[in-house]
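Labels below follow one simple rule: chain letters A, B, ... track the order of the sequence lines, proteins then strands, and each chain is numbered from 1.
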Amino acid sequence: MKYNYKKIEKKWRYIHKKFNFLKFNKKKNKKFYILNMFPYPSGYGLHIGHSIGYIYTDIISKYKLRLGYNILNPIGFDSFGLPAEQYALKTKNLPKNIIKKSIYNYKKQIKKLGVFLNWDKEINTSDDKYYKWTQFIFIKLFNSYYYKNKILPIKKINFKIKSENLNKFRLAFLKYSYINWCPKLNSILANDEIENGRSIRGGYKVILKKTLQWHLRITKYIPKLLKDLDNLKWPDNVKNNQIKWIGLKNVYTIKLKLFKKNFKIFSINKKRSIHSIIFNYPSRFTNYILNLINKTQKKKIIKLLNKNYYNEKFKILIKFKNNYRKKINIYISNYYKNYYLKDTYINYKEDKEFKKVKTIYILKSKNIIYIKYTFKKKYIYNLKDIIYSRQRYWGEPIPIYYINNIPYSINKKYLPLKLPNISKKYFIKSKFNLNYIKKWAWDDINKKVTYKKYINNKNKVYPLDVNTMPSYAGSNWYFLRYISPNYKKFLFNNKINYWKNVDLYIGGKEHINGHLLYSRFITKFLYDLNIIKFKEPFKKFIPQGIILNETYIIYKYKNTIYSFDIINDKFKKKLQKIYINKKDIILNKYLNIFKKKYNKYNLIKNKFNKILCEVKIEKMSKSKYNIITPDSIIKKYGIDCFRLYIIFLGPFQEKKIWNINKINGIKRFLNKVWNFFLIKKNKKINKIYKIKIYKYLNLIHLNFKKFIIYKNISIFMKIFNILIKNKIYNLKLNKIILILLSNYIPYITEEIWNRLGNKGSIFYEKIKIIKYKDNLIKYLILINNKFKDTIYTDKDNNNLTYLKNIIYNKVYYPDKIKKIIFIKNKIINILF
RNA sequence: GUCUAGAUGGUGAAAUAGGUAAACACGCAGGACUUAAAAUCCUGUAAUUCAAUUAAAUGAAUUUUGCGGGUUCGAUUCCCGCUCUAGACACCA
């Protein structure tokens, strides 16, 4: 019998609305704060990539919930920023309205995924109740300075400084700096918003321009940002990325001396790290170098030496005495001045090792060459103070006014400083900027915004800052606001102290550098102010792989379309790239030229008389016509099927190419589950199967612990293959399996749960971890490293002397045995 | 240029601490049921060779985790070199 997912899912979605599964429970003493990076509600809606994240966190939180944790799994929207503004200009609307619509759509789509979220905690960064506190943090930064590892209020500077010079101390301060200026977008852009000297959005030219900008003094926090990385459960490559973004640069001055038999060979004095050494040729020590490298490299060098000039790079491994290894580059050149070394920094961890070691020696060499070195150190960082202002409309206004060009902050009592309302007409006409608005001055007597024409020092009406904050201003502290989103003050202490920082954070790889670093900085700042009691925002972070899909491209020049296979690379640069819809293609690769759309173009066909288009695999994007939305799949297969399939796709962190073909396997599996549980029988289980299944169940729990949840699906499949094949119907066991399965497929399991005669929701059932005892110990018998047999033994006879007898019965010539390798609990390898 | 990650069947992939490579699925091939189709179920599915047989079932051996080498009784896993792919950063300031 097939199960009717449409009916069942509709029914349970309706019933689940009435429950608040994630409701806080005082009796529970464990907490789990799990968080997805909040989405940017673009007009295009939720796509497959987003939904993986939500389903992933949902499965983990459903599991943790029933292990007895209080769960916080909130959601919100990051809604300030350029995309909404540009989309507004395009559609002749206001950003405010667009965001409203998009959020409505997003929520509708997310609710279809069968996820439990704390909807009562929802936030929105462009809501003035939220950005009031973004401004509050800015004022705190503005009014603080960093002194001897502490944050002090700027008022407490105990020596006389003119107020205009306070800028040098504030953590939020004004400074002239070169910024990437895009005249067309009328905005500054971050480095990562630019590609090949052009803005990524729009592709406009970007120039450098010196302007007065707000900055945040993140550089004061660099030592802490580096040091605290050690305690985080983040993937190493993410940590390394942070280290490199901060970029402690090579600043060692090193004297190198190479010795062999105390014979001085070479010395170098450069302000460079030890990563590279330049050798000049011809010289006395070239032969030694040639001994260090392998044959093919040697041949290369000898060839080089016959030329008039040469330079070549080789790598050799240096091993330090404390087992620390590092590759270094060797350059061989007769004009080494041109070969100025570029790879020149020592990262934070290596730095420590350098302090310890006094001599290093080079591996792979018969003659060991000792290198002595001395160095002085200095620190230079790649990371610069964050530029924190944008010349845009759609962002948080900076709560600052100016008296005689000196900045003063608006008292927090009078926050939020609301973004001025404007009409659609005005917005469309001008590329908007707060500079042009008439009602944008601060009345310091009445404490409110007033018209610019009243600006007058005597009346205490002053000009307001015309900048807004960048898009990451709202996102670098949002995880704190989720805990008490509607609280009148900044943070509700009791709740903050309970939930603390995020236990598991999930999000896109593209945010590894910026967003994570800035959040960490703000968290540390609030810690130093004693507002919160933890130093890091996200204890564990798992980056999510993107989903790619096929795109189809045709190349056009003026009024002519060329077949892709007849275009060479030079010509390709001239041509206009046009992404086309899959529907316009036949035979997968050939453009369907008979569609009306393309009738107006001249067509240059290939020798087979066809127009071939290019097929690429790229990130999903509306402009590339390769977006897949969950809606269509859910309609066809149901929510449970979609949820299980999208997790079954593969490792969460890897990028994946979208492919719907394998969903049939999931569909079959769900039918299997449905039909299996409808048989209401209760039998005893055979011990062998019981142990097998319990082993699998333990594995499932282990994978949950590691947050590797995709592997569990195949384990479930294995379990059901055993159950069905051997006709095992045991109520107790079935319940355990069903509850675990409900993390993945909530609706079908909920229906089965009720049909089996249980009352209430399956999501109020506790998950119990069953410990089993397996007395049998398995040994693999290998003969000359080849697997031959398995034998089982118990604890009392877990030794070679006992096992030898069994083995000798199986082996034909026990006299000829040369050696037996015995590894306890694992293996016996017999060598002849 | 530097750094990081990765490479396993036709496809997605699995292999806990170095110990039976390819679990679990998809797809494909063959079969059962059916007037037919869909669905479902069963069997096979890394490669090569050999034995045997009318044929099928079967049995055995060798090779195989991008390429080459090392450590080890034993390497998908650790080490070195190379090739390719992806990502991040920088160069300008």
### Query
Which whole number of Å gives the distance between the C1' atom of B:U34 and that of B:A55?
29 Å
### Query
Nearest to the side chain of A:M717 - B:C24, B:G19, B:G12?
B:C24
### Under 4.0 angstrom between A:N721 side-chain N/O and B:A25 OP1 or OP2
yes
### Message
Just by distance, no angles: are the side chains of A:Y744 and A:N712 close enough, under 3.5 Å, to form a donor-acceptor pair?
### Response
yes
### Task
Please state whether the base of B:U16 and the side chain of A:K706 form at least one donor-acceptor pair under 3.5 Å?
no
### Message
Taking B:G81 as the reference, what is the distance to B:U71 when you measure between their C1' atoms (whole Å, please)?
### Response
15 Å
### Query
Can you list the steps and then say if A:D640 with A:Y5 is a side chain to side chain donor-acceptor pair (under 3.5 Å)?
CA-CA 8 Å; A:D640 284 335; A:Y5 66 84; over 6 Å; no
### Summary
Quick note, A:R668 side chain, CB onward, closest among B:C73, B:C26, B:A25 is B:C26
### Query
A:K725 near the nucleic acid: base, sugar-phosphate alone, or nothing, with a heavy-atom cut-off under 4.0 Å?
nothing
### Task
Go ahead and name the base partner of B:A5; Watson-Crick or wobble counts if both distances stay under 3.5 Å, otherwise write none.
B:U85
### Whole-Å P distance, B:U77 and B:C67
11 Å
### Summary
Rounded to the nearest 0.5 Å, the NZ atom of A:K636 sits from the CD1 atom of A:I660 at a distance of 7.5 Å
### Query
Which whole number of Å gives the distance between the P atom of B:A39 and that of B:G66?
36 Å
### Message
Checking understanding here: a glycosidic angle within 90° of 0 is syn, the rest anti, so what is B:G9?
### Response
syn
### Query
In Watson-Crick or G-U wobble terms, both distances under 3.5 Å, what is the partner of B:U34?
none
### Message
Under a 3.5 Å cut-off for both contacts, is B:A22 paired Watson-Crick or G-U wobble with anything, and if yes, with which nucleotide?
### Response
none
### Task
Take atom P in B:A38 and the same atom in B:G6, then report the distance between them in whole Å.
43 Å
### Query
Among B:G12, B:C73, B:A14, which nucleotide sits nearest the side chain of A:K711?
B:A14
### Task
Can you figure out which of B:A13, B:G19, B:U40 approaches the side chain of A:Y710 most closely?
B:A13
### A:N664 vs B:G27: side-chain N/O to OP1/OP2 distance below 4.0 Å
yes
### Task
For A:L782, report the nucleic acid contact type (base, sugar-phosphate, nothing); a contact means any heavy atom under 4.0 Å.
base
### Message
Once you measure the plane-to-plane angle for A:Y505 and A:H515, does it fall in the parallel (<30°), tilted (30-60°) or perpendicular (>60°) bin?
### Response
tilted
### Query
In the structure shown, which nucleotide is the Watson-Crick or G-U wobble counterpart of B:A90, with both distances under 3.5 Å?
none
### Query
For B:U48, which nucleotide is its Watson-Crick or G-U wobble mate, given both distances must be under 3.5 Å?
B:A61
### Task
Check the angle between the aromatic planes of A:H701 and A:Y63 and answer parallel, tilted or perpendicular using the 30° and 60° thresholds.
tilted
### Message
Let's see if you can work this out: which of B:G27, B:C73, B:U11 has an atom nearest to the side-chain heavy atoms of A:K662?
### Response
B:U11
### Query
So which one's nearest nucleotide on RNA chain B is more toward 5', A:K718 or A:L699?
A:L699
## Note on the structure
Per atom distances to the A:L780 side chain, the nearest of B:U11, B:A14, B:G19 is B:G19
### Query
When you compare B:G30 with B:G87, how far apart are their P atoms, in angstrom units rounded to a whole number?
41 Å
### Query
Where each residue is assigned the nucleotide of RNA chain B containing its nearest heavy atom, which of A:L649 and A:Y696 is assigned the position nearer the 5′ end?
A:L649
## Note on the structure
When both distances are under 3.5 Å in a Watson-Crick or G-U wobble arrangement, the nucleotide paired with B:C78 is B:G70
### Query
Between the side chains of A:N476 and A:S519, is a donor N or O closer than 3.5 angstrom to an acceptor N or O?
no
#### Entry: C1' atoms of B:G69 and B:G59, separation to the nearest Å
37 Å
### Query
Between B:C26, B:A15, B:A17, which one does the side chain of A:K826 approach most closely?
B:A17
### Query
If we take the P atom in both B:A61 and B:C79, what is their distance in whole Å?
34 Å
### Message
Within the 4.5 Å heavy-atom criterion, are A:Q213 and A:Y388 side-chain neighbours or not?
### Response
no
